[in-house]
Amino acid sequence: QEQLVESGGGSVQPGGSLRLSCAAPGFTLDYYAIAWFRQAPGKEREVVPCLSNRDGSTYYADSVKGRFTISRDNYENTVYLRMNSLKPEDTAVYYCAADSWGGCTTGWGLVPADEYDYWGQGTQVTVSS
């Protein structure tokens, strides 16, 4: 099922950039937290960035801090992930996910994946020379 619509993946050389988009045709994202997960073959799925609705805060995995930026355009009802200075280890399938609770974290850590209400189909990002 494709509840969110993702686009923008592709193949780039190391050091290149991509912008991923995540849109919600059936509902308004204003009150949702949005996260981008990625999963590489043989590795666990991990949260890359998350944008909270409750307090506007953001979370970035240490591996992407300073390189990736998540942003929300309420008029377009779309969330973007700008990825700069891409590295081969960024290669993965990227999924966007929306959580109606609206927050990325609790006092105990990140909101777990199984609490997200909507998911995109995934978009492949490949970084290689």
Side-chain angles (χ1 to χ4, degrees):
Q1 56 182 323
E2 188 173 302
Q3 299 170 309
L4 302 174
V5 180
E6 303 175 31
S7 62
S11 298
V12 298
Q13 292 186 317
S17 298
L18 288 171
R19 188 181 72 164
L20 307 184
S21 300
C22 179
F27 62 97
T28 300
L29 288 171
D30 295 16
Y31 302 102
Y32 291 78
I34 293 289
W36 288 90
F37 293 81
R38 70 182 181 187
Q39 187 164 25
K43 295 185 178 181
E44 295 288 333
R45 181 172 54 183
E46 63 174 341
V47 177
V48 183
C50 182
L51 177 60
S52 173
N53 173 259
R54 287 185 172 268
D55 59 11
S57 64
T58 55
Y59 163 85
Y60 292 95
D62 288 343
S63 60
V64 305
K65 286 181 179 177
R67 300 188 298 118
F68 289 14
T69 303
I70 187 171
S71 61
R72 182 195 300 265
D73 186 331
N74 288 330
Y75 181 79
E76 298 290 339
N77 198 35
T78 301
V79 174
Y80 302 98
L81 179 64
R82 166 61 69 178
M83 304 184 293
N84 294 325
S85 302
L86 283 162
K87 304 175 180 179
E89 51 264 43
D90 295 318
T91 296
V93 178
Y94 285 70
Y95 301 88
C96 64
D99 175 28
S100 61
W101 180 72
C104 295
T105 63
T106 69
W108 299 324
L110 291 167
V111 174
D114 61 6
E115 292 191 10
Y116 282 80
D117 303 290
Y118 302 99
W119 289 83
Q121 80 282 2
T123 185
Q124 177 71 47
V125 172
T126 302
V127 185
S128 66
S129 59

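Using a cut-off of 4.0 Å between Lys/Arg side-chain N and Asp/Glu carboxylate O, Asp90 and Lys87 are scored as not salt-bridged.
Atom CD1 of Ile34 is separated from atom OG of Ser71 by 11.5 Å, given to the nearest 0.5 angstrom. Rounding to the nearest 0.5 angstrom, the gap separating the CG atom in Leu86 from the CZ atom in Phe68 is 5.0 Å. Atoms CE and CD1, from Met83 and Ile70 in turn, are 11.5 Å apart once rounded to the nearest 0.5 Å. One finds the CG atom of Leu81 at 10.0 Å from the SG atom of Cys22 (value rounded to the nearest 0.5 Å). For the atom pair CZ (Arg19) and OG1 (Thr69), the distance works out to 12.0 Å, reported to the nearest 0.5 Å. Here the CD-CG distance, from Glu76 to Leu29, works out to 12.0 Å after rounding to the nearest 0.5 Å.
A search for side-chain contact (heavy atoms from CB on, under 4.5 Å) contacts involving Asn53 returns Tyr31, Arg72, not counting sequence neighbours. With sequence neighbours left out, the salt bridge (Lys or Arg N to Asp or Glu O under 4.0 Å) criterion links Glu46 to Arg38.
Within the 4.5 Å cutoff, no side-chain heavy atoms of Glu44 are placed close to those of Gln39. Inter-residue side-chain proximity for Thr123 and Val93 is flagged as unmet; no heavy-atom pair is nearer than 4.5 Å. When side chains are defined from C-beta on, Ser57 counts as touching Ser52, because their heavy atoms get closer than 4.5 Å. A 4.5 Å side-chain heavy-atom check between Arg82 and Leu18 finds every atom pair outside the cut-off. Side-chain contact between Trp36 and Val79 is present, with at least one heavy-atom pair separated by less than 4.5 Å.
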Open item on the list: Quick one, Tyr59 with Leu110, criterion side-chain contact (heavy atoms from CB on, under 4.5 Å). Give me CA distance, side-chain angles, the key distance, then yes/no.
Closed with: CA-CA 9 Å; Tyr59 163 85; Leu110 291 167; 3.8 Å; yes
Task: Criterion side-chain contact (heavy atoms from CB on, under 4.5 Å) on Asp99 and Tyr116, from CA distance to verdict - done: CA-CA 4 Å; Asp99 175 28; Tyr116 282 80; 3.6 Å; yes
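Checked by atom type and distance alone, the side chain of Ser21 never pairs as donor or acceptor with a backbone atom of Glu6 at under 3.5 Å. Side-chain N or O atoms of Asp117 include one that pairs as donor or acceptor with a backbone N or O of Ser100 at under 3.5 Å. No side-chain donor-acceptor contact under 3.5 Å links Asn74 to the backbone of Asn77.
Side-chain contact check for Asp73 and Thr78: no donor-acceptor pair (N or O, by modelled atom type) lies under 3.5 Å. Of the N and O atoms on the side chains of Asp30 and Thr28, not one donor lies less than 3.5 Å from an acceptor on the other residue.
In this structure, Ala40 and Ala92 approach most closely via the heavy-atom pair N-CB, 3.9 Å. The minimum heavy-atom distance between Gln121 and Val5, with the atom names listed, is OE1-CA, 4.0 Å. Closest approach of Tyr118 and Gln3 over heavy atoms only: CA-OE1, 3.4 Å. The heavy-atom pair separating Ala113 from Arg45 by the smallest distance is CB-NH2, 3.4 Å. The nearest pair of heavy atoms linking Val125 to Gly9 is CG2-CA, 4.3 Å. Closest heavy-atom contact between Ala24 and Leu4: CB-CD2, 3.7 Å.
Residue pairs meeting the ring-ring contact (aromatic ring centres under 6.0 Å, His included) criterion with at least one member in residues 76-102: none, sequence neighbours excluded.
Ring centroids of Phe37 and Trp119 are separated by less than 6.0 Å, placing the two rings close together.
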